[in-house]
Every structure is written in C-alpha cells, then in structure tokens.
Amino acid sequence: MTPEERLRELAIRHAAFAWLDARRATGQEIFTQDDTTGLSLAGEVHRLMPTQQGIWRPASLRAALSIRTAYRAEGVARPYDDAVGEDGLLRYKMRGDDVGHHENRALLVALQERLPVIWWLGVARGEYTPLYPIHLLGFEADRQQFVLDIDAVPQPDLAWPSTEIGIGVAYRQQLTLARLHQRPFRAAVLRAYRTSCAVCSFRHGELLDAAHIQEDSRGGQPVVSNGLSLCKMHHAAYDRRILGITPDYEVRINAEVLAEVDGPMLRHGIQEFHGRQLMVLPQRATEKPDPALLEERYEEFLAAG
Ligand SMILES: [Zn+2]
C-alpha cells in the first residue's frame, strides 16, 4: 500500500469514528445495518457493517473496515467470552480455515498497515453496538486467530474493581472482559429502560449510565437483570449509598441526607424520591432487576447509613 493509499484508508476510518462519536453523543448506542449504510465519509459513500457475520471490506478499500460478532441471548456463552489469552489480549477467529479467503486477507492488510477497525457486537437480533478503535496486534496462524487490542476504546463509565485483587493472568483477563462487556451492557440496559433513569425518568441518553447492581469485581454479571439505567446524579448517589433500592423496587434515601436542608437539587432531586417506586422498569420479566441482587446491595446501603 502506498502512503497515499494508507492515508485514504485512515481518513475513512477516522470519519467513521467521528460519525459514531457524534451519534453516540446523542445517546444512541444501538445501530442497525440500515443506520450505517450510505454514509458519506471523507468524500466517499460507505457502509460500516458487513451484511453477514464476519469481516467487512468495502470494495474500494484494501483493508478490512469492521468485524462483527453475532448476538447471543443473555446466559448463552458469547463467542468472545473464552477468547482472552493469558496475555489479557482478545483473540478473534479468522473466517473458515483458509487464510487466503478474501475476508481474512483484508484483516491481514489492516494488521500489516496498522489500520484500526470497528468491532460490532450483537445486542439483540439485527442490533449492534460498536467498539472502536480496535487495533490488530498479530495473527496466530496455528490457531487461526487474530490478536486484538481494545485498550484504545474509550470507557467513560467503566467502574474499576473496588475490592482487593491479585495481579496476574486472572486480573488481566478480567480487565479485558470488563472493557469488552461494558458497551453491549450499556446498550442493552438503556434499551430495556427506554433510555430513561429508573429513579426519576430523566431521558437524556448522554447523561445516563448503565449501573451494575452487583459490581463486577464481586462477580456481578453484565446482564440486564444486574443493571439499572440511572442518570449521573442517581448513579453517584446509588454508588455512595446515599440512595438505596429495595428488592420491591422502592427508593430509600439515607436518613442523614433526608434530614439535611439545602437547595432545590437536594429537595427535588434526592429527598422527594424517598419511599417512591422506581419510575421506569424493563417490560420483559427477565430483564427486571433481580430482587436477590437488589437485596444484597440494599443491605450495604442499610449498613452504611
Ligand atoms: Zn435520575
């Protein structure tokens, strides 16, 4: 690839990342084939997703632009869950067993030319959330897999392990899986709560977080029934044990904070929710917050106050 060709490949990728950033800034976390087709990127029209699973290279490019992993229902093993090596890096299986297949060759070009790609993770049937930029670090021919680095993917609302943890292979693997799961977890939780805060029903996606009920450092799973869609303020209040949620979905406020006298934010934003039911819950029974997990977390709220 000439330097000019590489620059063009890079410019299209950067335009794609900027387009995704702009959409995500409005709260959109889920994308479909249709959403991401016919985009004008660096003066050309491109599609960001393959029509099938696997590796996508637009006809006018030489390197792969994206890869896609199918949706698996929660509870069903996801293909990437076992794909973290002892070095903490992810592995992505090549297409079939022919390294000369045009899709595999396109991903090898991205590796050789150091061109980042988009990784689409299935959130529901036909719906995907993007991780980017994904850098390729190597190809393991004997195991027919690519080595991926997701450390450059921004993770603004990732909670770091709060408990004591040993440094070693398990720790590296846990960090990588936490980074990998966060984006699809967020997309699935916001979707289940119709992009609203469970406590106050505030509806600005860019100010909502997907909170874990049981933290992942304590074994909490990245599934909707272990999640709550919360606005920034109610998320912080929940994490700091100022706000608790009972297993019956009732909001409680710490007694000391309830007695404080302050401005309208405290009164209307926190105190008035004491004793109220959550305003927004998922419609599907399997996605509602798990009472056993809420109970465990509520005990910690009581112990703190
Ligand atoms: Zn809220």
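Counting convention: from 1, in listed order, for ligands and their atoms alike. These numbers come from the heavy atoms of this one structure, side chains and all, not from hydrogens, waters or symmetry mates. Keep in mind it's a predicted model, so treat the numbers as computed, not measured.
A cation-pi arrangement, defined by a distance under 6.0 Å to the six-membered ring centre and an angle within 45 degrees of its axis, is absent between Arg68 and Trp119.
With sequence neighbours left out, Ile30 forms a side chain to side chain contact (heavy atoms under 4.5 Å, CB included) with Val123, Glu127, Ala187, Arg191.
The Zn ion (ligand 1) sits nearest to atom ND1 when only the N, O or S atoms of His234 are considered.
Glu5 has a carboxylate O that lies under 4.0 Å from a charged side-chain N of Arg62, or vice versa, which qualifies the two as a salt bridge.
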Solution key, residues 298-305 side-chain donor-acceptor pairs under 3.5 Å, sequence neighbours excluded:
residue : atom : partner : partner atom : Å
Tyr298  : OH   : Arg252  : NH1          : 3.0
Glu300  : OE1  : Arg241  : NH2          : 2.8
Glu300  : OE2  : Arg218  : NH1          : 2.8

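For Cys231, the nearest N, O or S atom to the Zn ion (ligand 1) falls under 2.8 Å.
Between SG of Cys200 and SG of Cys197, the angle at the Zn ion (ligand 1) works out to 100°, rounded to 10 degrees.
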